[in-house]
Amino acid sequence: MAEGVKPRVKAPRSAEAGEVVTIKTLISHRMESGQRKNKDGSVIPRSIINRFTCEFNGTSIIDVKMEPAISTNPYFEFEATIPEAGDMKFTWYDDDGSIYEETKTVQVG
Amino acid sequence: MDFTRRDTLALTAGAVALTVLPFRVNAAGEDAIAAFTGGADVAEGGVDLEAPEIAENGNTVPISVSAEGASAIMVLAMGNPTPGVATFNFGELAGSQFASTRIRLAGTQDVVAIAKMADGSFAKATKNVKVTIGGCGG
């Protein structure tokens with residue numbers, strides 16, 4: 001399930017130093033839970049994104065361990081402190097080893 | 001209707017199975033809590049867990065958790081085939097100990113949030129969510 005995965009991130013382009021901003025992320029992914037069965041009655045194997053991290057200039061903002069009970073197209077909303085100008089890096093880790101990345105630059109001032 | 005010895009035994013067995021079953025469903029959730037807390041005491045309160053009272057579609061139920069001073073928050077759906085939902089670990093630059101996401105619920109059940117505070121204590125909040133259509137497929 002590496003095809004058709006598209007991360008979307010909503011983060012402000014600029015902020016005051018030390019400001020707390022809200023970040024919203026969404027990534028398109030089926031998040032196959034491993035509980036469903038196909039027409040033949042065999043179980044569809046689990047295939048989910050199992051971890052999501054967000055870092056600012058290398059310092060962690062949030063690190064989420066995800067299980068099959070996270071909905072299709074995982075959505076997260078959280079808050080981050082912006083100490084200085086820099087890059088906000090978002091990373092999603094797939095069960096199949098794929099890594100999806102997105103970077104947003106935040107200006108200060 | 002007369003109860004034969006056989007009927008009585010069958011009824012008793014059924015009744016016993018019914019009372020034992022809920023414990024078995026919860027056991028996996030309790031294990032997950034124990035693994036997270038390491039067996040430490042969990043206090044009630046100190047965590048905000050927001051979830052709808054009634055969710056029409058169990059496939060995508062919006063929830064949000066927050067707990068001031070928490071280093072991590074674990075969310076569990078006690079009635080799901082696998083109770084784990086997500087664990088939020090807040091880093092140095094987290095603006096607040098708040099996170100919101102969408103989860104799957106197999107049916108009407110309790111959603112539990114357990115926060116690990118910076119001082120090593122644990123706090124818990126529980127919310128019952130009624131689900132009209134379960135979210136685990138058939």
Side-chain angles (χ1 to χ4, degrees), chain A residues 11-12 15 18-27 29-39 41 43-44 46 48-84 86-89 106, chain B residues 28-29 32 35-36 50-51 55 57-68 70-107 109 111-113 116 129 131 134-138:
Chain A
E19 192 184 340
V20 173
V21 297
T22 301
I23 314 287
K24 293 178 183 178
T25 72
L26 185 77
I27 185 164
H29 195 286
R30 290 187 56 189
M31 295 292 281
E32 194 58 64
S33 68
Q35 300 285 341
R36 297 199 310 152
K37 290 181 177 135
N38 64 13
K39 273 186 207 146
V43 172
I44 306 170
R46 170 183 139 153
I48 67 165
I49 293 174
N50 55 44
R51 186 169 171 228
F52 164 68
T53 63
C54 178
E55 291 176 350
F56 190 80
N57 287 349
T59 310
S60 168
I61 295 170
I62 198 167
D63 181 340
V64 187
K65 177 172 173 266
M66 295 156 71
E67 315 240 8
I70 296 288
S71 296
T72 308
N73 303 340
Y75 162 83
F76 288 108
E77 181 182 337
F78 52 92
E79 291 180 331
T81 312
I82 307 295
E84 67 215 3
D87 288 336
M88 200 176 273
K89 192 177 171 197
V106 182
Chain B
F36 185 67
E50 265 183 50
N57 184 354
N59 266 313
T60 167
V61 182
I63 60 149
S64 63
V65 288
S66 68
E68 212 169 308
S71 59
I73 302 179
M74 179 172 71
V75 180
L76 294 169
M78 302 305 270
N80 274 6
T82 52
V85 174
T87 308
F88 302 96
N89 297 294
F90 298 102
E92 242 177 87
L93 285 180
S96 64
Q97 282 68 44
F98 161 86
S100 174
T101 186
R102 298 176 188 148
I103 67 171
R104 290 179 177 140
L105 296 175
Q109 58 178 287
V111 176
V112 178
K116 182 183 192 179
V129 181
V131 177
C136 278

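Residue numbers begin at 1 in each chain, while the letters A, B, ... track the order of the sequences.
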**Q** Using every non-hydrogen atom in the two residues, find where B:Gly84 and A:Ala69 come nearest and quote the distance to one decimal.
**A**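 Smallest heavy-atom distance, with atoms named: O-CB, 3.7 Å.
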**Q** Under 6.0 Å from the CD atom of A:Glu84, do we count more than 12 heavy atoms belonging to anything else shown?
**A**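 Enclosed: over 12 neighbouring heavy atoms sit under 6.0 Å from CD of A:Glu84.
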**Q** When heavy-atom pairs shorter than 4.5 Å are enumerated against chain A, which of B:Ala72, B:Ser66, B:Ala77, B:Ser96 gives the highest number?
**A**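 Option with the top pair count is B:Ser96.
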**Q** Kindly compute the distance separating CD (A:Glu67) from OG1 (B:Thr87), expressed to the nearest 0.5 Å.
**A**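 One gets 6.0 Å once the value is rounded to the nearest 0.5 Å.
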**Q** Once rounded to the nearest 0.5 Å, what's the spacing between atom OG1 of B:Thr60 and atom CE of A:Met31?
**A**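 Result: 11.5 Å between the selected atoms.
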**Q** Does any backbone or side-chain atom of B:Ala99 lie under 4.5 Å from a heavy atom of chain A? Answer side chain, backbone, both or neither.
**A**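 Answer is both: backbone and side chain atoms of B:Ala99 are under 4.5 Å from chain A.
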**Q** A:Leu26 versus chain B, heavy atoms under 4.5 Å apart: side chain, backbone, both or neither?
**A**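 The side chain, not the backbone.
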**Q** Is A:Thr25 in contact with chain B via its backbone, its side chain, both, or neither, using a 4.5 Å heavy-atom distance?
**A**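 Neither part.
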**Q** Could you go through B:Thr82 and A:Gln35, starting from their C-alpha distance and side-chain angles, then the distance that decides it, and tell me whether this counts as side-chain contact (heavy atoms from CB on, under 4.5 Å)?
**A** CA-CA 9 Å; B:Thr82 52; A:Gln35 300 285 341; 4.1 Å; yes
**Q** Once rounded to the nearest 0.5 Å, what's the spacing between atom CG of A:Asp63 and atom CZ of B:Phe90?
**A**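 It is 11.0 Å, given to the nearest 0.5 Å.
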**Q** Counting heavy-atom pairs closer than 4.5 Å to chain B, which one of A:Ile61, A:Thr53, A:Val64 comes out on top?
**A**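 Between A:Ile61, A:Thr53, A:Val64, the count favours A:Ile61.
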**Q** Could you have a look at A:Phe56, A:Phe52, A:Phe76 and say which one has the most heavy-atom pairs with chain B under 4.5 angstrom?
**A**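 Among the listed options, the one with the most contacts to chain B is A:Phe76.
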**Q** Select one option (side chain, backbone, both, neither) describing which atoms of A:Val20 are under 4.5 Å from chain B's heavy atoms.
**A**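 Interface part for A:Val20: side chain.
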**Q** At their closest point, which heavy atom of B:Ala94 faces which heavy atom of A:Thr81, and how far apart are they?
**A**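 In this case the closest contact between B:Ala94 and A:Thr81 is O-OG1, 3.5 Å.
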**Q** Could you tell me if the side chain of B:Arg104 sits less than 4.5 Å from the side chain of A:Thr72, heavy atoms only?
**A**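 Of all side-chain heavy-atom pairs linking B:Arg104 with A:Thr72, at least one is under 4.5 Å.
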**Q** In Å, rounded to the nearest 0.5 Å, how long is the span from CZ of B:Arg102 to CD1 of A:Ile70?
**A**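 Here the interatomic distance stands at 11.0 Å.
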